Amino acid sequence: MSKLSETQSVQPEKPTENLSEREAARPAPLSSELELEFSLGQRRTLLRIAHQAILSALEGRPFPEAPPIPSGLAEPRGVFTTLYLRSDLHRELGGELHRESHRESHREHQRQLRGCVGYALPIAPLYRAVAETARAAAFDDSRFLPVTLEEASQLEVSLSVLSRLVSILPEAVEVGRHGLLISDGARRGLLLPQVPVEYGWDRETFLEQTCRKAGLPLDAWRKTATIEAFTAEVFSDADVEVPG
């Protein structure tokens, strides 16, 4: 499964986007009017699908059949799958670390990014998109060597499920709430809602940097580029304690 760089033209039938470690970090809280869409059970199902997709590839088994799919998980959605490796944490602490020490205040220092690939557009049912992007993050993110069988048991999966894209005026963009997709012709750039918060950007800088990621002039958002926004619901193994 090939992956395009951030400045190449986009072929939407495969996972085409990857994120840096800061881009993949957990987002700041979104606006209070946003309600969580996915139940604990639905989150566990999606995370389990991601793990099984990676493990089946490593073991040479066919792409796993989907388990009974809860309502809402068969709708086409964009999603990013981020993989973190937790093995360094276990080696340093001799495996004696209790679950409580995996809290958010420590976790970013205890894990390393291992891959992040996603679908920006809703081109596949969510459960299938999770499986495909999990495999792509594990084996096709060109920044990393493919995940090994030994590493598989130490992976933490984080999913960012995107809402549907909506056209938005520049002045309506809310930092910390909206992610952006800016496109002009065959060029497209996407940044998740957490990115401007992580870097301390204001609205204008966020728009400019999304243009930069698309390979467009920084002021393209003022001219002919199309601006679309989305929100993201982010959850990981650590949030739902998915059993092995």
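No experiment lies behind these values; they were computed from the predicted model shown. Numbering of residues begins at 1 and proceeds along the displayed sequence. Below, all heavy atoms of this structure are taken into account, side chains as well, without hydrogens, waters or symmetry copies.
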Partners of [X] by side chain to side chain contact (heavy atoms under 4.5 Å, CB included), sequence neighbours excluded?
{"X": "Ser153", "value": "none"}
{"X": "Gln209", "value": "Leu191, Trp201, Thr205, Arg212"}
{"X": "Glu171", "value": "Leu169"}
{"X": "Thr226", "value": "Ser183, Glu228"}

>> Using the rule given for salt bridge (charged side-chain N to carboxylate O under 4.0 Å, His left out), can you reason through Arg77 versus Glu37, listing the C-alpha separation, both sets of side-chain angles and the distance that settles it, and then say yes or no?
In response: CA-CA 13 Å; Arg77 296 290 288 272; Glu37 179 179 357; 2.8 Å; yes
Side-chain heavy atoms of [X] within contact of [Y], under 4.5 Å:
{"X": "Trp221", "Y": "Leu216", "result": "no"}
{"X": "Leu36", "Y": "Arg43", "result": "yes"}
{"X": "Leu155", "Y": "Asp237", "result": "no"}
{"X": "Leu83", "Y": "Asp141", "result": "no"}
{"X": "Val234", "Y": "Val161", "result": "no"}
{"X": "Asp202", "Y": "Val175", "result": "no"}
{"X": "Phe80", "Y": "Leu159", "result": "no"}
{"X": "Leu162", "Y": "Tyr119", "result": "no"}

Any sub-3.5 Å donor-acceptor pair from [X]'s side-chain atoms to [Y]'s backbone N or O?
{"X": "Arg188", "Y": "Ala214", "result": "no"}
{"X": "Arg114", "Y": "Leu85", "result": "no"}
{"X": "Gln42", "Y": "Gly72", "result": "no"}
{"X": "Ser158", "Y": "Thr82", "result": "no"}

>> I'd like to check the side-chain hydrogen bond (donor to acceptor under 3.5 Å, both in side chains) partners of Thr224; sequence neighbours left out, ordered by chain and number.
In response: Asp184
> Who passes side-chain hydrogen bond (donor to acceptor under 3.5 Å, both in side chains) against Arg203, sequence neighbours left out?
Replying inline: none
Measuring from [X]:[atom1] to [Y]:[atom2], what's the distance to the nearest 0.5 Å?
{"X": "Gln154", "Y": "Arg86", "atom1": "CD", "atom2": "CZ", "value": "6.5 Å"}
{"X": "Thr81", "Y": "His51", "atom1": "OG1", "atom2": "NE2", "value": "10.0 Å"}
{"X": "Thr210", "Y": "Leu192", "atom1": "OG1", "atom2": "CG", "value": "10.0 Å"}
{"X": "Leu165", "Y": "Ile227", "atom1": "CG", "atom2": "CD1", "value": "13.0 Å"}

> Going through the distances and angles, do Glu208 and Arg222 end up as a salt bridge (charged side-chain N to carboxylate O under 4.0 Å, His left out)?
Replying inline: CA-CA 9 Å; Glu208 290 175 346; Arg222 299 180 184 272; 5.3 Å; no
What heavy-atom pair brings [X] and [Y] nearest, and what distance separates the two atoms?
{"X": "Ala131", "Y": "Ala53", "value": "O-CB, 3.6 Å"}
{"X": "Asp219", "Y": "Lys223", "value": "OD2-NZ, 3.1 Å"}
{"X": "Leu47", "Y": "Val157", "value": "CD2-O, 3.6 Å"}
{"X": "Leu126", "Y": "Leu46", "value": "CD2-CD1, 3.9 Å"}
{"X": "Gly176", "Y": "Val197", "value": "CA-CG2, 3.5 Å"}
{"X": "Pro146", "Y": "Glu151", "value": "O-OE1, 4.1 Å"}

> In a check of side-chain contact (heavy atoms from CB on, under 4.5 Å) between Phe230 and each of Leu190, Val166, Leu180, which one passes?
Replying inline: Leu190
> Are Leu218 and Ile182 linked, directly or through other ILVMFWY residues, by side chains that come within less than 4.5 angstrom of each other?
Replying inline: no
> Under 4.5 Å between side-chain heavy atoms, hopping through other hydrophobics if needed: is there a path connecting Leu55 to Leu145?
Replying inline: no
>> Holding to salt bridge (charged side-chain N to carboxylate O under 4.0 Å, His left out), I want the full list of residues that pass it with Glu59, two or more places apart in sequence or in another chain.
In response: Arg61
